[in-house]
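Order of the sequence lines sets the chain letters (A, B, ...), proteins ahead of strands, with each chain counted from 1.
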Amino acid sequence: GAVVSQHPSWVICKSGTSVKIECRSLDFQATTMFWYRQFPKQSLMLMATSNEGSKATYEQGVEKDKFLINHASLTLSTLTVTSAHPEDSSFYICSAREGFAATRQETQYFGPGTRLLVL
Amino acid sequence: AQKITQTQPGMFVQEKEAVTLDCTYDTSDPSYGLFWYKQPSSGEMIFLIYQGSYDQQNATEGRYSLNFQKARKSANLVISASQLGDSAMYFCAMKTFGGYQKVTFGTGTKLQVIP
C-alpha cells in the first residue's frame with residue numbers, strides 16, 4: 001500500500017516556540033491531506049483539510065492562525081504550531097488521499113504520527 | 001452531520017476466542033463508507049476493513065469481518081481467533097462522499113487479549 005511519512009516523530013519544545021511537522025506521501029500524489037490531533041486515550045479529531053495549492057479548510061474551533069497548514073506540493077503538507085503552549089501537547093497525525101476517487105477505501109493513508117510535548 | 005458511536009471503552013477477550021466490537025453511526029448521506037482501524041501503543045493507524053453503504057455482502061479480511069446492519073446503522077467488527085497482538089485501540093470511522101470526504105472517528109475501544 002501507499003506510504004505516508006511524518007517528520008519528526010517526536011518533538012519537545014519550550015513554550016512560545018513554533019514547531020513544524022511535515023507530512024509526505026512517498027509513492028503517490030496526495031491531492032488532499034488531512035491533519036488530526038489525538039489527546040491521550042481519546043479519538044482522532046480532524047483539525048483541517050488541505051488541498052494542494054489552496055488554503056486549508058479548518059474545522060470549527062480550530063484556530064487557523066495557531067495551526068498553520070501549507071500544502072505546497074502534491075507530496076508535502078506542513079503543520080506549524082505557532083507559539084506553542086503546554087495545552088498544544090498532543091499526538092498529531094496526518095493522512096493523505098490520492099486523487100478524487102470517492103469509492104475506494106484505500107485512497108486515504110495515515111502517517112505514523114508526531115508526538116509533541118510543549119514544556 | 002455525521003456521528004460515530006462506540007459504546008465499549010474497553011473489552012477483554014481470551015486468546016483464540018472471538019470478540020465483537022460495537023459501532024453505530026448516524027448520517028443523512030445515502031452514500032458512505034465505514035472503516036475500522038487498529039491503533040497499537042506505537043500510535044500508527046492501521047487500516048483493517050472497509051464496508052461501503054451499497055455493498056451487498058459483509059466485508060471480510062482474514063480474521064476480521066464486519067457485521068453490517070444498515071437498517072440498524074451498525075457496523076460491528078468481529079475478530080475471530082484473537083491473538084495477543086490484537087491488543088490495541090480500535091476505532092470505527094465513517095466517510096461520506098460529499099465535500100472533502102473527511103473521515104469521522106468514534107471514541108475507540110481498547111481491546112485486551114488475555115493469554
Side-chain angles (χ1 to χ4, degrees), chain A residues 1-6 8-10 23 30-52 54-60 62 69 71 90-116, chain B residues 1-10 23 25 29-55 59-61 64 66 68 75 88-111:
Chain A
V3 178
V4 175
S5 70
Q6 278 185 243
S9 55
W10 270 97
C23 177
T31 52
T32 304
M33 286 186 171
F34 304 87
W35 286 95
Y36 296 84
R37 69 185 297 183
Q38 184 181 29
F39 291 108
K41 300 183 179 181
Q42 294 189 26
S43 186
L44 279 73
M45 299 301 296
L46 181 65
M47 299 174 66
T49 303
S50 72
N51 287 302
E52 184 266 338
S54 62
K55 290 184 179 180
T57 300
Y58 289 81
E59 295 299 301
Q60 193 172 9
V62 178
I69 293 171
H71 194 159
S90 187
F91 188 53
Y92 292 87
I93 306 176
C94 74
S95 71
R97 189 178 71 219
E98 178 179 29
F100 293 99
T103 59
R104 288 163 53 88
Q105 73 276 14
E106 62 269 26
T107 57
Q108 187 163 331
Y109 308 100
F110 283 84
T114 297
R115 296 190 188 278
L116 170 64
Chain B
Q2 54 198 60
K3 186 178 180 182
I4 292 281
T5 302
Q6 293 179 256
T7 57
Q8 305 156 315
C23 173
Y25 61 92
D29 195 317
S31 181
Y32 51 89
L34 296 157
F35 305 76
W36 278 91
Y37 287 90
K38 173 184 178 180
Q39 187 181 43
S41 56
S42 54
E44 75 269 28
M45 296 293 286
I46 302 169
F47 167 75
L48 296 178
I49 197 167
Y50 169 84
Q51 179 85 44
S53 58
Y54 294 118
D55 292 344
T60 60
E61 290 285 349
Y64 304 108
L66 201 151
F68 180 46
M89 282 291 290
Y90 288 81
F91 291 97
C92 180
M94 176 170 64
K95 175 175 75 173
T96 55
F97 295 123
Y100 289 116
Q101 302 167 32
K102 61 185 181 183
V103 177
T104 301
F105 287 85
T107 52
T109 296
K110 185 174 178 63
L111 176 66

Between F110(A) and Q39(B), does a side chain to side chain contact (heavy atoms under 4.5 Å, CB included) hold up when you go through it step by step? CA-CA 11 Å; F110(A) 283 84; Q39(B) 187 181 43; over 6 Å; no
Taking the side chain from S43(A) and the backbone from G108(B), do they hold a donor-acceptor pair closer than 3.5 Å? no
Using heavy-atom distances under 4.5 Å, tell me whether S42(B) contacts chain A through its side chain, its backbone, both, or neither. backbone
Checking L44(A) against chain B: side chain, backbone, both or neither under 4.5 Å from a heavy atom? both
Taking atom OG of S95(A) and atom CZ of F47(B), what is their separation to the nearest 0.5 Å? 13.5 Å
Is M45(B) close to chain A through its backbone or its side chain, or both, or neither, when contacts mean heavy atoms under 4.5 Å? both
Selection from Q42(A), R115(A), K41(A) maximising heavy-atom pairs under 4.5 Å formed with chain B: R115(A)
Checking Q6(A) against chain B: side chain, backbone, both or neither under 4.5 Å from a heavy atom? neither
Region of S41(B) that comes under 4.5 Å of a non-hydrogen atom in chain A: backbone
